[in-house]
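These notes are about the structure you will find just below.
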There are 2 protein chains.
Amino acid sequence: MKNNSSYYVFFSHLSNPLKMRLILELQKSPKNVNQLTSSLRVEQSKISHALSSLKQCNIVSVKPEGKQRIYSLNSRMILPMLKLIDTHANKYCNCETCGEIQCSAKN
Amino acid sequence: MKNNSSYYVFFSHLSNPLKMRLILELQKSPKNVNQLTSSLRVEQSKISHALSSLKQCNIVSVKPEGKQRIYSLNSRMILPMLKLIDTHANKYCNCETCGEIQCSAKN
DNA sequence: TCTTCATATGAACCACAATTCATACGTATT
DNA sequence: AATACGTATGAATTGTGGTTCATATGAAGA
């Protein structure tokens, strides 16, 4: 492990409900900002801000296309992580706190 | 995946420098609170607060021993995650932001 | 070049998580 | 039972990241 802090920023993304939703949405297929705002029903600037920090951490990448900007997931990076999250965290995350949170309702 | 929000709390621990340090320290061997405060050079109440939330999320567990409380890492849960972090995030986390953070210096 | 559409950006604001500090609790020792 | 030690806890404060809103940018079309 490079140094203890290398992953701090990385995990802060996964601990953000909106960013996590973006990741999962982009996992299905690349999308532009408008598509994301409407499918997640979240305000445009929120989406843009979130995408910008995801991009900075190499989790997503952009491709301009006309006036649109197509965002896509850097699958090679994040997919193994998502898979592990699915098997492991899913198995062990049984604390009450986790259950209470309803991120989809908020963001 | 159970629901999008199940992992929110879980990852919020990994995105916290102090908690991450605790995890890494406990990975070496189980320790009591005093040992943790002195090896990480962090105030006792900070450690206690952090440990308490890690415990709530099943990341660590406690065993009372006299007046001490021995904390240990729930390796089966967290180790595969740490391993994946090591191989993957290490490879892709090259953004400037990540490099700037010096968690060991702060917490 | 003017307008429109798609997106980004900055700054003020707000919410929540972390820190701090004082104190309480529990266990052992005398 | 009184004290000391190890740890936990609560409440007030601080700090940080997320939200909001207004506005800027940039590309395309008229």
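Values below: every heavy atom of this structure, side chains too, minus hydrogens, waters and symmetry copies. To find a chain, count down the sequence lines: A is the first, B the second, and so on, and within it residues start at 1.
Atom CE of Met20(B) is separated from atom C1' of dA18(C) by 18 Å (rounded to the nearest Å). In this structure, CG of Asn16(A) is placed 9 Å from C1' of dG17(D), rounded to the nearest angstrom. To the nearest angstrom, C1' of dT16(D) lies 16 Å from CG of Leu18(B). When rounded to the nearest whole Å, the span between CZ of Arg21(B) and C1' of dA18(C) equals 15 Å. The distance between atom CG of Leu14(A) and atom C1' of dG17(D), rounded to the nearest whole Å, is 16 Å. Atom NE2 in His13(B) sits about 11 Å away from atom P in dA17(C), given to the nearest Å. In this structure, CZ of Phe11(A) is placed 19 Å from C1' of dA17(C), rounded to the nearest angstrom.
For Lys31(A), the salt bridge (charged side-chain N to carboxylate O under 4.0 Å, His left out) partners are Glu25(A), not counting sequence neighbours. Contacts of Lys63(A) classified as salt bridge (charged side-chain N to carboxylate O under 4.0 Å, His left out), with partners at least two apart in sequence or in another chain: Glu65(A).
Looking at Arg69(B), its side chain never comes within 3.5 Å of a backbone N or O of Val33(B) through a donor-acceptor pair. In this structure, the side chain of Asn32(A) does not engage the main chain of Gln68(A) through any donor-acceptor pair within 3.5 Å.
Listed nucleotides dC21(C), dC21(D), dA18(C) differ in distance to Glu43(B); the shortest reach to its side chain belongs to dC21(C).
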**Message:** I need a per-nucleotide contact map over nucleotides 5-14 of chain D, read 5' to 3'. Cutoff is protein heavy atoms under 4.0 Å; write B for the base, S for backbone only, - otherwise.
**Reply:** BSBBBB----
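Inspection of the Ser52(B) and Gln56(B) side chains reveals no N or O donor paired with an N or O acceptor under 3.5 Å.
In this structure, Ser53(A) OG and Ile59(A) CD1 are separated by 8.0 Å, a value rounded to the nearest 0.5 Å.
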